[in-house]
Amino acid sequence: MNKKAFKRMTALALTGVMAMGTLTGCGGSGDDASTSADNTTAPADNSSASSTDNSASASTDEAKTETPAADDSGVAGIEGWEAFAENVTLKIPVYDRGAEGVPNVSDNYWTKWIQENFGDKYNITVEFVPITRTDVLTSYSLLAAAEDLPTILMEYDYPKQAQWAADGYLTTYDIDEFAKVAPTYYQRMVDLDQLGYTEMNGDRYFVLAERPYYDTGYTYVTFYRKDWLDQIGYDAYPETWAEQKEMYQKLIDEGLSEHPLGGHMVTGAGVDQNYAFRTYPLDEENWACYGDYAIPALGDAANKEFIRRENEKYQLGFLNPEYYVTDLETEKASFVSGQIFQFAGYISADVDFLTALYEQEPNAEVAVQFQAEIDDPDGGTVSAYRADNPFGMMIGFSSQATEDEIKAAWMYMEWMTQEENLFTMQWGIEGENYNMGDDGLPVPVADYSGDCKQGFNNSKDYWCVTIEARNAGTIEEIIEASSPKNLPVDLTQQLIDNYYRKVKLAENGRAVSDCNFAVVLDSVGEYQASLLELYTEYRDQLTMCAPEEFDALYDELAQKYADAGFQEIVEERKEAYEAGQSTKLQ
Amino acid sequence: MGKTKNGKEFAVHTTWKNSFKRDWQLYLMLLFPIVMVVLFNYASYPGMRMIFMDYKPAKGYAGSKWVGMETIIKVFKDADFHRSLKSSIVFNLLDLAVGFPMPIILALMLNELRYPKFKKVTQTILYLPHFLSWVIIGSVAYTMFRPSTGLVNIFLMNAGLIEEGIPFLTEKWHWAVTYLLIGVWQGMGWGTIIYLAAITGISGDLYEAAMIDGANRWQRMLHITLPGIKSTIVTLLIMNLGRVMGSNFERLDQFGNSQVKDFQYQLAIYIYEKGLQGNKFSMSTAVGLFQSVVGLALVLLSDWFAKRLGEEGLL
């Protein structure tokens, strides 16, 4: 065969392949459509059934007659449940945090325990779907594209759920049906006044878990080196900026730390919280338009003052000059190796960086930095902090799930809410993960590493479908159970004191929850990701610029940020706020 | 065409059937790569219709709305796209300018090494960086080149050569140089393989003749080796030109930080940020197609140009 003919053949073959591919593609989608059109009893597969958002709920309604419902007996709740006639697969998402030293998130003692104690009883196969914690949206969109969404979609961020509702990931549900299958769960939502958050654009999509102590969060704490303060003659962590500056400088002068505040690169949502830099009482419209912590409000006065403070810390050498190329793990390591003065983290029976610090330096002593109690007019801050949403996990139901699968999900949530099941999931097995104390409260076994080892943060990523914190007695007892163990110092009382400071501030309206909207804000979906990237670039420039250039540079970058989409978000929020489609300032 | 004994030409008739019967084992071997190419390079083509849709993964192709050229217009109006396109082109051209000649020079130098063991060891060491992932190279680079705690700066400061750390990776112009040079370091060893293979194809008689004529090493390299691998160089250049629109996400991501976004924000980052993080699959597919189309055009253009210069070309 000569060269020309060969080329012609190859071209023809490739064209043929392309054409075949295209035809196959079209044929494929046609099949999808016809399948879902024919199969009227089948799943709420709105990915191909119809282009309208409500199709999912329509097909869900149709599906009701499919298999014997689990609550056919007419009795509400667990008592009335019966096993499904045909096995139902329930897919539950679980965060994969990439944490070390915890069991495989989708297959471990506890996933099997759930299967044995819940799944087998009702003919449900419970599968756990790992969701990358740092890339939740991508994980879900890949699953959606593969038509393999988990039965429920869980997220803490209201805007993400709103976006999923708008993009057809979620189906609506009938709350009366839900109340029949999961009465305990439903009643709690009513008692906690959460029903207002279940709707988006007038349709009911969400179910909400409980977040106890949502406005007095006691679990995320800054720890500092008290032994260093003792060395420079301080008996407590000062609360005003002027005093703090003096203290940090002394730490540097005494050679205890080169850059006492350390610092790490900012990434993602929730960075640079500026609640202490706001003017109180808050202006409600400003709070609605700029107050949300998911997209930093570059251009707002509180954000400007927050970054100005960062700039000052940087110029004074309190921050690590390489903070913007230092990740969180590296910063943690520098706390453990005694290079920086403080580090913040969640409390648990085993706080790794505290344990490691004491191992490294037995003479060290850590203490809890208290929430500032007083305003600091000279420093330009007030004693205020971010309160969480008045709900824990937000749960939506997959538009690709069948009616039975959704019912199984409701059963799962109700089952997890039952005291004895929740207790075992939160505390583990007696004699293994904990021992019962004399006061009838569980005492966790520190450093437990047997077969029943719990997942990250006491397996919270499993029981978060119902509640956000371990419950056992009074708040003092809860904090005691969660405070770091196996350290030469007992931090329980400090943690309790810190909690009560927050209670006092919350009573005075200084614990601020962010505004949530009952409509989907398209601009948020459109610009959030790129604004977050842009923010890290701009705020680092502002942190490191010469102080005399700060104001001019801030205005310039704020303008660019506004043009890159933030202005559109602010305007859309304002519109929704004015239309009464948002929560109100408490 | 064949020739008879008396010199007359006649046509050789080889039918498909005959050639298949004769070489069926070869065709069978060919089947596997063809299936691979079809599966990975062509089977995804139908998915490209999402460019003309407001594609939502949960709604699938059937449920997503058709929007015509809207996505493409949006991409071309997007300031971030322009920024990333500009950086991509500039950096890829620089990569080509700095990175393309290096393997050739290196291959010529390796070819001159006469002690075989030394040559082999050198080659192996040069190949190694190619097998390191960018994640590893990136973190090693940061450990080496941080402004004040990087090993290189500590060494230079202790040696009294500099007073302040050089911001190798934290100031955009320094970053550009470091980024390009690390790229060259990573790829040059591997790039020599094809040239070395081409060099072995050059007849030893030529070198012998040149030596008899009194040509020194330099002259032999310049007048025999280089012309001997010219067509290989042209072929590789054409292939590399096709990648001018390309973008390596791992490399860019690992070397990124907030202070060098101006240069680091290239197409791969744009596609990741807008497409995956921002959930805009239609937009990133449109950019991906744009990259491929421009890449193809560049290959065709350079091929045509090479042929005009009297080279064989690629196609």
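Chain letters run A, B, ... following the sequence lines, proteins first and then strands; every chain starts at 1.
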Separation of [Y] [atom2] from [X] [atom1] (nearest 0.5 Å):
X	Y	atom1	atom2	value
N257(B)	D540(A)	CG	CG	8.5 Å
M265(A)	S258(B)	CE	OG	8.5 Å
E273(B)	E533(A)	CD	CD	4.5 Å
Y140(A)	N279(B)	OH	CG	13.0 Å

Identify which part of [X] has an atom lying under 4.5 Å from any heavy atom of chain B, answering side chain, backbone, both or neither.
X	value
D135(A)	side chain
L532(A)	neither
Q541(A)	both
E526(A)	both

Let me know if [X] has heavy atoms under 4.5 Å from chain A in its side chain, its backbone, both or neither.
X	value
S44(B)	neither
T149(B)	both
F281(B)	side chain
Y265(B)	neither

Please determine whether the number of non-hydrogen atoms from other residues, nucleotides or ligands lying under 6.0 Å from atom [atom1] of [X] exceeds 12.
X	atom1	answer
E164(B)	CD	no
F155(B)	CZ	no
E258(A)	CD	no

Check whether any side-chain heavy atom of T536(A) lies under 4.5 Å from a side-chain heavy atom of K261(B), and answer yes or no.
yes
Passing candidate, side chain to side chain contact (heavy atoms under 4.5 Å, CB included) with Y142(B), options D327(A), V325(A), T326(A)
V325(A)
Do you know the tightest heavy-atom contact between [X] and [Y]?
X	Y	answer
A58(B)	G168(A)	CB-O, 3.4 Å
S530(A)	D80(B)	CB-OD2, 4.4 Å
P57(B)	S141(A)	CB-O, 3.4 Å

May I ask you to name which of K56(B), Q277(B), R146(B) has the most heavy-atom pairs under 4.5 Å with chain A?
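Among the listed options, the one with the most contacts to chain A is R146(B).
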